[in-house]
Student: 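Next up is a structure, given as structure tokens.
Counting convention: from 1, in listed order, for ligands and their atoms alike. No hydrogens, no waters, no symmetry mates; every other heavy atom, side chains included, goes into these values. Here the structure is a predicted model, which means the values were calculated and not measured.
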Amino acid sequence: MLLILFSGKAEKFMVNIPELDVSPVQGSIGKSTTALGLIECTFMCDSEEFCDAIYYNQSSSRCTTVHNQTDNYSIQTELSGIYYKTKEVKTCLYEGYEYAWELDVCLKFYITTTERLSWSYSRTRCQNEAGDLVVVDSEFKDKLFLLYLNHIHDMTSVQRWWIGGSDVLNEGQFEWISGQNITYTNWDPGQPDNASNDGTTNADCIQYFFRTIEQSFAWLDLRCDSNISSICESRAFI
Ligand SMILES: [Ca+2]
Ligand SMILES: [Ca+2]
């Protein structure tokens, strides 16, 4: 959704997906190459203007992107370690939201200085746009956000992002705003510590924070009244 780095002309015909045990599909192969995982494979598709679907073979790590695919499969299937996912296009109702086909949600990244707000004000703004702060409840979603945020960081140097989790209700008991317990986590080592990096306590809200040594984002707890960037998610429409 964020990258248009590659564009190519694609022709329609029946193709076999290399190394994958799937029937020929209508379309043409964009790339067929090694990817580190399913996320990297979906990101490869993002970077291709005409990509409509990916096939990812977990055992061989081969990612194949397909252009102009017309066959209509379900959103995601897993067949003996082979993942298939279509790059659907849906509409987002509110301005500035973009459809993330990998997650089937609309996302908006509030980036600029004037857009930086406290956790609760950021949350209210998302709710006014028929959504809420993003809930990062799976490794897939987290890894995808790490790629998005690293990409945005390269362009804007934004280092902090509110997401929809806190221990406001019960100190030490972090939960998502959806009410789900937090099971998957990506805490930076030593976090959460109920402290912010200015030495103050009562850090109750979860942020993605850019770690300069690792050059990647992880979760930290931070005071909820800190004004930082935020990520909203809302339902997509067909
Ligand atoms: Ca806390
Ligand atoms: Ca902390």
Student: By atom name, which N, O or S atom belonging to Asp204 lies closest to the Ca ion (ligand 1)?
Tutor: OD1
Student: Is the shortest distance from a Lys or Arg side-chain nitrogen in Glu115 or Lys108 to a carboxylate oxygen in the other one below 4.0 Å?
Tutor: no
Student: Would you please say whether a donor-acceptor pair under 3.5 Å links the side chains of Trp101 and Asp46?
Tutor: yes
Student: Just checking, Arg235 and Phe237: is the charged tip under 6.0 Å from the six-membered ring centre and within 45° of the axis?
Tutor: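 Yes; both conditions hold, so Arg235 lies above the ring face of Phe237.
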Student: Check whether Ser229 reaches the backbone of Tyr110 with its side chain - one donor and one acceptor, N or O, closer than 3.5 Å.
Tutor: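 Yes.
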Student: Could you please compute the angle at the Ca ion (ligand 1) from OE1 of Glu171 to OD1 of Asn194, rounded to 10°?
Tutor: 80°
Student: Return the name of the atom in Asp193, of element N, O or S, nearest to the Ca ion (ligand 2).
Tutor: OD1
Student: If I take atom NZ from residue Lys143 and atom OG1 from residue Thr42, how far apart are they, to the nearest 0.5 angstrom?
Tutor: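 The NZ atom of Lys143 sits 12.0 Å away from the OG1 atom of Thr42.
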Student: With a cut-off of 3.0 Å, does Asn202 place any N/O/S atom under that distance from the Ca ion (ligand 1)?
Tutor: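 No.
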Student: I'd like to know if the Ca ion (ligand 2) has an N/O/S atom from Ala195 within less than 3.0 Å of it, counting both backbone and side-chain atoms.
Tutor: yes
Student: Quick one: sort the Tyr208 and Phe145 rings into parallel, tilted or perpendicular, breaks at 30° and 60°.
Tutor: tilted
Student: Closer than 3.0 Å to the Ca ion (ligand 1): does that hold for any N, O or S atom in Ala203?
Tutor: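 It does: Ala203 brings an N, O or S atom closer than 3.0 Å to the Ca ion (ligand 1).
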Student: Provide the atom name of the closest N, O or S atom of Asp221 relative to the Ca ion (ligand 2).
Tutor: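 Restricting Asp221 to its N, O and S atoms, the minimum distance to the Ca ion (ligand 2) goes to OD1.
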Student: Does Gln191 bring an N, O or S atom to under 3.0 Å of the Ca ion (ligand 2)?
Tutor: yes
